[in-house]
Number of protein chains: 2
Amino acid sequence: MLKEERQHIILNEVALHNKVLLTDIAELLDVSIDTIRRDVKELDGENRLRKVHGGAISLGFTSSTVQNANIYALEEKRKIAEKAVTMLKEGGVIFIDGGTTCLELARQIPETIKLTCFTMSLQVAMELLSKPNVKVIFVGGEISPDSQISVGLNTIHQLSEIQVDYSFIGTGYVDSIFGLTEFDWDIVQVKKAVIKASKKTVLLSISEKLNSQHRYKTCDINAINTMITELNPNNNLLNLFRNQEIHLL
Amino acid sequence: MLKEERQHIILNEVALHNKVLLTDIAELLDVSIDTIRRDVKELDGENRLRKVHGGAISLGFTSSTVQNANIYALEEKRKIAEKAVTMLKEGGVIFIDGGTTCLELARQIPETIKLTCFTMSLQVAMELLSKPNVKVIFVGGEISPDSQISVGLNTIHQLSEIQVDYSFIGTGYVDSIFGLTEFDWDIVQVKKAVIKASKKTVLLSISEKLNSQHRYKTCDINAINTMITELNPNNNLLNLFRNQEIHLL
DNA sequence: TCAATAAATGCTTTTTTTTGCAGTATTTAA
DNA sequence: TTAAATACTGCAAAAAAAAGCATTTATTGA
């Protein structure tokens with residue numbers, strides 16, 4: 001077997017599976033592992049893949065997207081935000097949760113629309129301040145360093161005194177049976193209060209979070225009036241959520 | 001499984017859920033928790049996530065690289081902040097106002113000191129979140145787009161219910177006779193409430209603002225316990241402020 | 001064709017990396 | 001404060017990489 005041929009096969013495997021193990025390739029091609037090691041080293045030198053301990057991985061697997069986009073799955077979240085924006089009504093009073101998806105919603109609010117926005121996320125508040133026609137009201141309290149939102153009794157108490165038309169919330173985990181769940185107990189308490197303070201609740205979640213769950217429960221799935229994912233509402237992945245109570249967008 | 005592959009999955013989980021438990025990941029990937037611990041430590045070292053006790057959290061929340069590109073008289077403000085920091089006491093409860101000088105104070109708070117900080121400035125709150133030993137409590141309310149601080153009745157009411165050891169405040173204008181004055185009526189109301197909520201009030205002001213005044217009055221100069229400028233306390237420019245009641249630093 | 005050289009490959013040994021484990025220290029939460 | 005959970009340390013086994021060497025294969029020029 002020619003060296004070129006071998007290397008071609010290696011690259012092919014890497015392109016196909018994003019990674020290969022040296023031992024696998026050696027067995028597959030029936031040559032010694034040293035040969036494969038040398039091949040991979042050469043290909044690494046040519047920047048055709050990246051050699052790592054025990055194997056090789058494709059370049060696309062690691063590179064770029066880390067720096068230029070700090071936000072995971074930004075494209076999906078943009079899509080979700082776009083859909084959410086269509087639900088906004090001139091003069092409405094809404095609540096926007098923290099998290100990157102909701103932050104994206106805040107970004108995409110049109111400059112022209114007049115809104116009153118409550119939020120307990122520092123970042124969302126900052127973002128909203130650049131919208132000339134949005135009145136921003138921050139629900140204060142102790143700020144959780146991890147999530148950068150207000151949590152605690154004071155926050156919950158304040159939420160109990162307001163009532164908004166729509167709240168747009170994110171969640172850590174969502175499941176058709178277990179409902180919305182979170183990692184943090186504090187956050188669950190606040191989200192409960194948000195839902196209570198809203199006439200209608202809109203959940204923004206990328207489809208990757210569907211059918212996952214964690215320790216603390218925020219609410220049943222029925223507490224959500226509208227769920228927005230980046231998927232088409234007819235997508236089969238949403239079948240479990242398809243019932244008379246929840247509206248998919 | 002390759003190490004890189006594992007780390008990629010960890011980053012993915014962190015990006016997805018903002019926070020993950022080491023035990024969860026270990027179970028998910030079916031490797032020992034030590035391995036995950038080492039991976040997370042490594043990724044933390046590369047600034048790809050932040051390791052916390054028991055897990056890891058996404059950087060998107062913490063690395064709010066707030067620019068200080070165009071801060072006027074930054075050097076002077078840094079000097080002021082340095083002096084102000086010396087007044088901080090371990091375990092103290094303080095209030096930090098908005099404005100670039102106070103923001104600089106927030107930045108210069110040592111990582112080691114334990115504090116409870118109230119603030120109504122979004123930027124200050126963000127900055128304080130990077131201090132591991134500072135508990136941040138945001139005094140909520142309607143956010144003024146210009147100053148990026150909470151204003152309004154709700155804010156004032158909440159301030160009426162707290163009492164801090166020290167408040168560090170800025171001002172638009174300060175004069176030995178007319179006291180502290182501002183351009184905005186809203187802001188004056190809030191600052192009054194802040195001073196009321198403080199056992200001692202510390203004014204941070206660059207010397208350029210001395211002997212200037214504006215429309216709305218916050219308080220008399222005597223309401224200030226300590227005034228910090230970038231100048232040496234013996235500087236002649238401070239002569240008018242030299243009396244038995246106000247302490248110059 | 002045939003030698004001389006260079007390249008490629010496989011094998012062995014040594015070194016490094018990775019991983020899990022056990023014991024101890026530290027942190028967190030009740 | 002104590003008890004539980006988590007982190008750290010050192011260690012040993014296993015896997016992989018690196019280096020050196022011998023053998024084979026390919027290439028070149030007479």
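Below, chain A is the first sequence line, B the second, and so on; all start at residue 1. All values below were derived from every heavy atom in this structure, side-chain atoms included, with hydrogens, water molecules and symmetry-related copies excluded.
- Closest approach to the A/D34 side chain among D/dA19, D/dC8, C/dA8 is made by D/dA19 (side chain taken as heavy atoms from C-beta onward).
- Shown for residues 6-33 of chain A: residues whose heavy atoms fall under 4.0 angstrom of DNA chain D, namely A/L22, A/T23.
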Listing time: all N or O pairs from protein to nucleotides 24-30 of chain C that are below 3.5 Å?
none

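- Not counting sequence neighbours, A/D24 has no partner by the salt bridge (Lys or Arg N to Asp or Glu O under 4.0 Å) test.
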Exercise for the section: Please step through side chain to side chain contact (heavy atoms under 4.5 Å, CB included) for the pair B/V202 and B/L204, ending with a clear verdict. Expected result: CA-CA 6 Å; B/V202 182; B/L204 313 182; 4.0 Å; yes

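- Partners of B/S198 according to the side-chain hydrogen bond (donor to acceptor under 3.5 Å, both in side chains) rule, which considers only residues two or more places apart in sequence or in another chain, are B/S167.
- The side chain to side chain contact (heavy atoms under 4.5 Å, CB included) check on A/E46 picks up A/E42, A/L43, A/R48, with sequence neighbours excluded.
- Evaluation of the ring-ring contact (aromatic ring centres under 6.0 Å, His included) test over residues 101-138 of chain B, restricted to residues two or more places apart or in two chains, returns A/F138-B/F138.
- Contacts between residues 37-45 of chain A and DNA chain C, counted as heavy-atom distances below 4.0 Å, involve A/R38.
- Residues meeting the salt bridge (Lys or Arg N to Asp or Glu O under 4.0 Å) test with B/E5, sequence neighbours left out: A/K19.
- Taking five base pairs at each end of the helix from C/dT1-D/dA30 to C/dA30-D/dT1, the local helix axes there meet at an angle of 40°, rounded to 10°.
- The salt bridge (Lys or Arg N to Asp or Glu O under 4.0 Å) search around A/E13 returns none, not counting sequence neighbours.
- The side-chain hydrogen bond (donor to acceptor under 3.5 Å, both in side chains) check on A/T35 picks up A/S32, with sequence neighbours excluded.
- Annotation: ring-ring contact (aromatic ring centres under 6.0 Å, His included) contacts involving residues 156-180 of chain A, sequence neighbours excluded, comprise A/Y173-A/H214, A/Y173-B/H17.
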